[in-house]
Enquirer: 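Got a structure here, written out as structure tokens. Questions coming.
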There are 2 protein chains.
Amino acid sequence: MAACNRAIVARMDSPVALIPQLAAHLVAAGGKRLRPLLTLASARLCGYEAGHGVPRHVNLAACVEFIHTATLLHDDVVDESQLRRGLASANAVFGNKASVLVGDFLFARSFQLMTEDGSLRVMAILSNASATIAEGEVLQMATQNDLSTPMDRYLDVIHGKTAALFAAACQVGAVVAARPQAEEQALQAYGDNLGMAFQLVDDALDYAADQGELGKTVGDDFREGKITLPVLAAYGAGDETERAFWRRVIEQSSQDETDLDHAMDLIARRGGIEITLQRARHYAHAARDALGVFPDSRLRRLMGDIALYTVSRGR
Amino acid sequence: MAACNRAIVARMDSPVALIPQLAAHLVAAGGKRLRPLLTLASARLCGYEAGHGVPRHVNLAACVEFIHTATLLHDDVVDESQLRRGLASANAVFGNKASVLVGDFLFARSFQLMTEDGSLRVMAILSNASATIAEGEVLQMATQNDLSTPMDRYLDVIHGKTAALFAAACQVGAVVAARPQAEEQALQAYGDNLGMAFQLVDDALDYAADQGELGKTVGDDFREGKITLPVLAAYGAGDETERAFWRRVIEQSSQDETDLDHAMDLIARRGGIEITLQRARHYAHAARDALGVFPDSRLRRLMGDIALYTVSRGR
């Protein structure tokens with residue numbers, strides 16, 4: 001992971017000063033580096049042996065993090081977020097323009113890294129994931145403020161915006177180790193289910209956690225009128241008064257200061273958090289089970305535990 | 001070119017409805033399709049013979065247009081432009097969010113097309129060009145409102161934002177035809193010089209043309225405080241009163257309704273348009289001369305004429 005962090009910092013460099021400046025802001029902000037970690041762990045689970053030079057899985061882990069960072073930069077512009085991981089977001093510090101353009105740079109850089117790696121298979125996986133992410137984000141925008149969004153469309157959104165890159169990050173690890181199709185698919189399924197669980201918990205926490213712990217502004221989803229499972233569940237189970245409330249705050253975007261508290265109250269009363277976490281647990285178990293094709297090992301158990309730990313964030 | 005247009009429309013498709021909707025808006029808006037045309041012409045000049053299926057140069061021409069369209073979408077967001085090619089810009093119709101995200105989608109889709117093509121050499125050329133474009137745009141942002149911008153930094157900006165993709169579009173044509181290094185370099189130089197000429201003329205027209213003819217809002221560069229050669233030339237040759245004017249309108253962004261006319265007047269008086277077009281002609285001739293390694297042919301003469309025609313737009 002240290003090698004991966006070095007690769008990330010080294011490859012964010014550019015003669016255009018604003019790019020490394022903004023990159024330094026992002027690197028300093030830290031973040032869990034969960035996606036590159038998945039690439040490293042998957043490659044190791046598949047017994048990948050590095051040759052000379054920077055190992056392929058380290059380069060590709062950096063590449064995955066660049067794609068992720070590019071989407072974060074653009075998301076924060078689209079959502080007009082002021083906080084990211086508890087610090088001022090890049091758009092709040094450097095402006096929307098810089099965030100759009102440096103996002104584009106990081107995306108291009110990720111494809112330069114893939115080209116250096118030289119595997120068409122890896123390139124197919126990561127370019128497909130990139131297109132799916134963008135589709136997921138557009139779909140999320142199209143469902144915003146729309147309480148009639150069906151459950152499966154919500155699941156499409158979180159698959160696109162989160163699970164697709166988790167899946168690709170894991171699959172790429174199997175590809176560099178040149179493992180059979182069954183193992184590649186198993187890691188793809190592991191990542192996909194883990195990503196679904198991760199996003200569901202994130203969506204639950206937006207109506208449950210306190211700001212310090214979460215490192216983002218609680219209630220962001222609420223203020224933006226994002227359609228997430230806690231809201232769909234509370235709206236679906238609500239009486240007429242409750243539904244009128246949801247229509248006003250989500251569909252008409254007419255909110256006052258006390259509305260977030262009331263929304264959290266209604267969600268708690270209608271079991272919206274528990275319903276969301278229940279789903280997340282289902283995906284987390286599916287993630288762990290997908291690793292069953294690999295022989296038992298400390299790493300396999302650790303990766304399974306990560307899936308279950310992801311869900312325990314929601315308690 | 002008809003085959004290329006078909007490929008562009010077909011590959012902009014997505015199950016997420018907003019993507020083909022916004023794509024249709026862009027396709028309907030037309031545009032010169034200059035960059036894909038360069039790929040097609042370069043491949044043909046190199047004697048490329050298509051095999052079965054969609055010819056490689058058609059697919060890659062579509063790919064080049066996707067990269068260009070993605071940057072246009074993001075540019076219009078960054079510049080807050082309301083017009084593009086004489087029609088309402090995508091961000092004016094669909095909003096900034098959609099433009100950012102559909103731009104990301106088109107960029108990802110271009111890499112999917114490259115992956116299908118399967119040439120690592122093409123991928124290196126186009127991913128390098130994409131990174132250079134983003135760097136050029138960031139550099140342009142960093143020089144905005146700064147009258148002390150040196151000439152060579154201005155040239156770096158227009159190389160990044162325009163010439164790099166022109167160069168890559170041409171070079172890719174030589175690569176698919178598997179031509180020797182000298183021809184690849186000649187086409188790369190042709191595109192690079194053509195792109196420089198093209199952008200210089202564009203920068204001149206922003207202070208000279210009337211809006212209908214140009215298909216964009218005249219004075220956009222002025223209102224945004226962009227540093228272009230007409231302004232640098234007029235500022236450099238201006239007396240103290242003129243320099244005070246430029247500092248107010250460009251550096252302090254303090255403009256009233258009569259300032260654009262006065263700016264155009266000062267630029268005309270100080271020869272700013274002529275100086276810019278002079279440079280453009282220099283690049284246009286270098287572009288034509290770069291084709292000298294190819295035997296004389298109707299197509300070679302046509303490509304040379306395109307370079308000279310580009311400059312004649314400025315008269």
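Chain A is the first sequence line, chain B the second, and so forth, proteins listed ahead of strands; every chain is numbered from 1.
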Enquirer: Report which part of B:Asn96 has an atom under 4.5 Å of a heavy atom belonging to chain A: side chain, backbone, both, or neither.
Expert: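 Neither part.
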
Enquirer: Can you tell which of A:Ala129, A:Ala142, A:Gly118 has the highest number of heavy-atom pairs within less than 4.5 Å of chain B?
Expert: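 Looking at each option in turn, the highest pair count goes to A:Gly118.
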
Enquirer: Measure the acute angle between the ring planes of B:Phe111 and A:Phe111, then classify it against the limits of 30° and 60° as parallel, tilted or perpendicular.
Expert: parallel

Enquirer: For a side-chain contact (heavy atoms from CB on, under 4.5 Å) check, start with the C-alpha distance between B:Thr71 and A:Asp104, then their side-chain angles and the critical distance, and finish with the verdict.
Expert: CA-CA 9 Å; B:Thr71 64; A:Asp104 288 350; 5.9 Å; no

Enquirer: Heavy atoms only, distances under 4.5 angstrom: which of A:Met114, A:Met141, A:Glu137 has the most pairs with chain B? Name it, please.
Expert: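 Top option by heavy-atom pairs under 4.5 Å: A:Met141.
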
Enquirer: Looking only at side-chain N and O atoms, does A:Ser127 offer a donor or acceptor that is under 3.5 Å from a partner on B:Gln112?
Expert: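 Side-chain D/A pair, B:Gln112 to A:Ser127: absent.
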
Enquirer: Sort out for me which of A:Gly103, A:Ala108, A:Pro15, A:Ala134 touches chain B most, counting heavy-atom pairs under 4.5 Å.
Expert: A:Ala108

Enquirer: Given heavy-atom pairs under 4.5 angstrom as the criterion, report whether the side chain, backbone, both or neither of A:Gln140 touches chain B.
Expert: neither

Enquirer: Looking at A:Leu18, A:Thr132, A:Val138, which has the largest count of heavy-atom pairs under 4.5 Å with chain B?
Expert: A:Val138

Enquirer: side-chain contact (heavy atoms from CB on, under 4.5 Å) between B:Lys97 and A:Gln144: does it pass, once the steps are laid out?
Expert: CA-CA 12 Å; B:Lys97 298 180 184 193; A:Gln144 206 156 349; 4.3 Å; yes

Enquirer: What is the minimum heavy-atom distance between A:Leu139 and B:Val16, and which atoms define it?
Expert: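 Looking at all heavy atoms of both residues, the closest pair is N-CG1, 3.9 Å.
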
Enquirer: With chain B, which of A:Ile19, A:Val77, A:Asp156 has the greatest number of heavy-atom pairs at distances under 4.5 Å?
Expert: A:Ile19

Enquirer: When heavy-atom pairs shorter than 4.5 Å are enumerated against chain B, which of A:Gly160, A:Ala98, A:Ser110 gives the highest number?
Expert: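 Top count of heavy-atom pairs under 4.5 Å with chain B: A:Ala98.
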
Enquirer: Sort out for me which of B:Leu22, B:Asn128, B:Leu126, B:Val102 touches chain A most, counting heavy-atom pairs under 4.5 Å.
Expert: B:Asn128

